[in-house]
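Computed from a predicted model, the values in this text were never measured in an experiment. For the single chain, residues carry numbers from 1 onward in sequence order.
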Amino acid sequence: MATVNSNAPVMSQDLLNAVNPKKPKAVEGSVEADTDKFMTLLVTQLKNQDPMNPLDNAQITSQLAQLSTVTGVNKLNTTMETLKSSYQGSEGLQAANLIGHGVLVDGNGVTLAGGKGIMGVHMATPADKVQLIITDPKTGKDVQTIDLGKQVAGTVPVAWDGVVDPTKLDAAGKPIALKDGNYLIRIVAERGGEVLKDARALSFDTVASVTTSAKDGVKLNLPSRGVVAMSDVKQIL
């Protein structure tokens with residue numbers, strides 16, 4: 001006769017928990033959390049439905065379709081946020097490489113130092129004639145006009161030595177240049193005899209540092225111009 005062992009070993013609760021781990025709670029606001037809420041409501045609705053008037057397949061299919069749509073939108077939002085973070089990270093590395101480099105940004109001034117100055121012109125549309133006019137801010141008088149001739153759309157860097165008339169020489173036989181300092185610049189551009197309003201003067205500055213944030217993105221810190229966005233840079237020198 002077979003003997004039945006009534007003292008069979010009992011599995012511990014810890015072992016059962018290890019074999020059947022609980023599903024971790026979804027983060028509030030995540031796709032998984034929204035899905036769990038929707039399914040909980042649907043199951044509750046099915047449990048408490050009127051037996052005499054149950055939900056038909058069309059209603060259930062419609063609600064599942066809504067769940068699929070909401071889930072898809074949430075996943076798309078999550079993907080876009082991930083791409084945005086990745087782009088900002090890439091833009092931040094690119095911006096960091098600009099530290100110590102010169103850039104041209106919108107501005108109306110040029111600094112002459114040691115007989116050297118850098119400025120530029122940004123043309124949104126082509127022009128038949130472009131002039132860059134330099135003004136002494138102390139006197140308000142124009143001290144030099146640089147004729148850039150015909151220009152296509154784009155950015156044109158301009159190097160300036162401060163020499164107004166190369167035929168005028170000093171005692172050492174060198175061309176006489178304007179004194180070092182800050183000067184104002186403006187652009188006059190024409191096409192077909194009409195003055196263009198989309199030509200802008202550009203000032204030179206050097207990237208001192210870079211600031212990044214989730215809210216404002218990547219910003220460049222310029223000693224003279226202050227904080228500018230990467231999109232404000234018209235040319236890197």
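Closest approach of Pro126 to Leu196, counting heavy atoms only: O-CD1, 3.5 Å. Nearest heavy-atom pair across Ala208 and Ile99 is O-CG2, 3.6 Å.
With sequence neighbours excluded, the residues forming a side chain to side chain donor-acceptor pair (under 3.5 Å) with Gln144 are Trp160, listed by chain and number. Judged as a side chain to side chain donor-acceptor pair (under 3.5 Å), and not counting sequence neighbours, the contacts of Thr167 are Asp165. Listed by chain and residue number, Lys219, Ser231, Asp232 satisfy the side chain to side chain contact (heavy atoms under 4.5 Å, CB included) test with Ala229 (two or more places apart in sequence, or in another chain). Asn108 pairs by the side chain to side chain donor-acceptor pair (under 3.5 Å) definition with nothing, not counting sequence neighbours. Scanning for side chain to side chain donor-acceptor pair (under 3.5 Å) contacts around Thr211 gives Asn221, with sequence neighbours left out. For Thr40, the side chain to side chain contact (heavy atoms under 4.5 Å, CB included) criterion is met by Thr44, not counting sequence neighbours. The side chain to side chain contact (heavy atoms under 4.5 Å, CB included) check on Gln131 picks up Lys129, Thr145, Asp147, with sequence neighbours excluded.
Residue Phe204 belongs to a hydrophobic cluster whose other members are Leu104, Ile118, Leu202, Leu237, with links defined by side-chain heavy atoms closer than 4.5 Å. Counting side-chain heavy-atom gaps under 4.5 Å among Ile, Leu, Val, Met, Phe, Trp and Tyr, Val227 is found in no cluster with other residues.
For the salt bridge (Lys or Arg N to Asp or Glu O under 4.0 Å) condition, the pairs that include at least one residue of residues 178-192, sequence neighbours left out, are Asp142-Arg186. Contacts classified as ring pair (Phe, Tyr, Trp, His ring centres under 6.0 Å) and involving residues 111-130 (residues at least two apart or in different chains) are not found. Counting only residues at least two apart or on different chains, the salt bridge (Lys or Arg N to Asp or Glu O under 4.0 Å) pairs with a member in residues 195-205 are Asp106-Arg200.
Rounded to the nearest 0.5 angstrom, Ser203 OG and Asn182 CG are separated by 10.0 Å.
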